[in-house]
Q: 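My questions all concern the structure below.
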Amino acid sequence: MWFLDSSQKEVLWFAVCCRVLTLVLQAFFNAIIPDHHAEAFSPPRLAPSGSLDHLVEVLLAQAIPKPLLQLAVDKGYRIVDGNEPPWCSWNLPLIYNYIQDVYWNVGFLRYYELKQVPNFLLATPVVILVACAIWTYVTAHPWFCLTLGLQKIKNNKTLQKPEPGFLSPHVFVYLVHAAVLMIFGGLCMHVQVLTRFLGSSTPIVYWFPAHLLQNQEPLLKSLEMVSWKPLAGDSPQGQKVLRNPIKGLLYNWKACCPLTRYILGYFLSYWLLGLLLHCNFLPWT
């Protein structure tokens, strides 16, 4: 650990703590909920019929133990004497499309049912976040967005030194990418996966909250001026290590503005609930 600087040590310590917390929560929930009876991967029962390549299937079946075959029958899985799946006869046999259509019910507006309202509520915060990011950028650069970023910049200084931060012209392509993902996911996917889908696909989910915190939280500017004294060996002599602003905001939670509380509260609650539910095969995004 001696060869790491203070910031690297802090990141490593955070990763180790998260991993330990995950293992503890996993063990705890496995102790109190030993069997979740998950049926997410149980296929629908299909009517049996004749099969092709019967000789090959029979030869393969001889090597399968009977208890394993009986388990497949009990679970409703397809066995050698079952019906050939429809996707095998397609001109372009894509099994993934068939699985999405038959087993997962994935398609345009298929998820728009009254019983899916709780799942829509799970996805609402990230949709609002991305939508507000799009609105903020478009209202700040309406002509630039209208021309899809193809307008000619006459001022060379503007070209050389574009506006920094979230409102930079370089962010436009990421914003379009996030908008396309949000629209496609909201119309054609299981809506509750939008949070991790967008969170793992676009940096807008993180850039825009950082932009809001920098512009709307007065306490953050004062915390950035405070620094820690470096420990021996952590940094060169006389150099100061900046305080983690997120820790500073959490320590001064009551002094933060409501917007900061909403942003930090959402990300922290999503992280904690994700550890509690998703890793134990309970309903989550």
Side-chain angles (χ1 to χ4, degrees), residues 7-8 10-11 14 122-187 189 191 193-227 241-253 255-271 274 285:
S7 60
Q8 291 175 331
E10 188 174 357
V11 171
F14 177 74
L122 283 176
T124 299
V126 73
V127 172
I128 294 177
L129 188 66
V130 175
C132 290
I134 296 173
W135 176 257
T136 301
Y137 194 92
V138 171
T139 53
H141 304 293
W143 178 248
F144 183 80
C145 296
L146 186 62
T147 57
L148 300 180
L150 300 178
Q151 67 171 352
K152 295 181 179 180
I153 303 178
K154 298 181 180 180
N155 191 351
N156 293 330
K157 294 183 179 180
T158 306
L159 181 61
Q160 295 175 0
K161 297 181 179 180
E163 186 175 358
F166 177 75
L167 298 179
S168 169
H170 299 298
V171 178
F172 177 71
V173 63
Y174 297 98
L175 207 69
V176 174
H177 177 247
V180 171
L181 293 180
M182 182 184 67
I183 295 174
F184 173 77
L187 297 178
M189 295 173 57
V191 178
V193 306
L194 268 180
T195 304
R196 56 187 169 95
F197 178 62
L198 293 172
S200 61
S201 303
T202 173
I204 296 297
V205 176
Y206 311 104
W207 287 352
F208 184 62
H211 169 75
L212 292 178
L213 291 179
Q214 285 183 333
N215 292 342
Q216 304 295 333
E217 180 51 62
L219 185 61
L220 187 60
K221 297 181 180 180
S222 62
L223 290 175
E224 289 176 350
M225 302 301 296
V226 180
S227 59
V241 181
L242 294 180
R243 182 186 299 273
N244 188 329
I246 299 300
K247 285 186 178 180
L249 293 177
L250 293 177
Y251 292 153
N252 299 273
W253 178 266
C256 295
C257 68
L259 180 62
T260 301
R261 295 184 186 182
Y262 295 151
I263 294 176
L264 295 181
Y266 168 67
F267 280 100
L268 289 175
S269 61
Y270 182 85
W271 168 71
T285 63

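Just so you know, these numbers use all the heavy atoms, side chains as well, and skip hydrogens, waters and symmetry mates.
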Q: Looking only at non-hydrogen atoms, find the nearest pair between Met182 and Ala131 and report the distance.
A: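 Met182 and Ala131 have their closest heavy atoms at SD-N, 4.3 Å.
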Q: Once side-chain contact (heavy atoms from CB on, under 4.5 Å) is applied, do any residues pair with Val138, and if so which ones, sequence neighbours excluded?
A: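 side-chain contact (heavy atoms from CB on, under 4.5 Å) check on Val138 returns Ile134, Cys145.
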Q: Are the side chains of Glu217 and Leu259 in touch, meaning some heavy atoms are under 4.5 Å apart?
A: no
Q: Sequence neighbours excluded, which residues qualify as ring pair (Phe, Tyr, Trp, His ring centres under 6.0 Å) partners of Phe184?
A: none
Q: Which heavy atom of Pro169 sits nearest to which heavy atom of Phe144, and what is that distance?
A: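 Nearest pair, atom of Pro169 first, then Phe144: CB-CZ, 3.8 Å.
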Q: Quick one: closest heavy-atom pair of Gly165 and Val171, and the distance?
A: O-CG2, 3.8 Å
Q: Excluding sequence neighbours, so at least two apart, what forms side-chain contact (heavy atoms from CB on, under 4.5 Å) with Leu268?
A: Leu250
Q: Taking side-chain contact (heavy atoms from CB on, under 4.5 Å) as the definition, give me every residue that meets it alongside Leu187, ordered by chain and number, with sequence neighbours left out.
A: Phe108, Leu109, Tyr112, Ile183
Q: The test is side-chain contact (heavy atoms from CB on, under 4.5 Å); show your working for Thr195 and Leu122 and say whether it passes.
A: CA-CA 8 Å; Thr195 304; Leu122 283 176; 5.9 Å; no
Q: Not counting sequence neighbours, which residues clear side-chain contact (heavy atoms from CB on, under 4.5 Å) with Ala140? List them please.
A: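 Testing Ala140 for side-chain contact (heavy atoms from CB on, under 4.5 Å), a comparison that skips the adjacent residues, returns Leu167.
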Q: Please list, one pair per line, the donor and acceptor atoms closer than 3.5 Å that link side chains of residues 204-213 to other protein atoms, with sequence neighbours excluded.
A:
residue, atom, partner, partner atom, Å
Tyr206, OH, Gly199, O, 2.7
His211, ND1, Asn215, ND2, 3.2
His211, NE2, Asn215, ND2, 3.2

Q: Looking only at non-hydrogen atoms, find the nearest pair between Gly185 and Leu194 and report the distance.
A: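 For Gly185 and Leu194, the tightest heavy-atom pair comes out as CA-CD2, 3.8 Å.
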Q: Taking the side chain from Thr139 and the backbone from Trp135, do they hold a donor-acceptor pair closer than 3.5 Å?
A: yes
Q: First locate atom OG of Ser168, then atom NE2 of His141, and finally report the distance between them rounded to the nearest 0.5 Å.
A: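 It is 7.5 Å, given to the nearest 0.5 Å.
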Q: My understanding is that only residues two or more places apart in sequence, or in another chain, count here; which of them pass side chain to side chain donor-acceptor pair (under 3.5 Å) with Thr136?
A: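 Side chain to side chain donor-acceptor pair (under 3.5 Å) list for Thr136, sorted by chain: empty.
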Q: Evaluate whether atom OH of Tyr266 has more than 12 neighbouring non-hydrogen atoms of other residues, nucleotides or ligands under 6.0 angstrom away.
A: yes
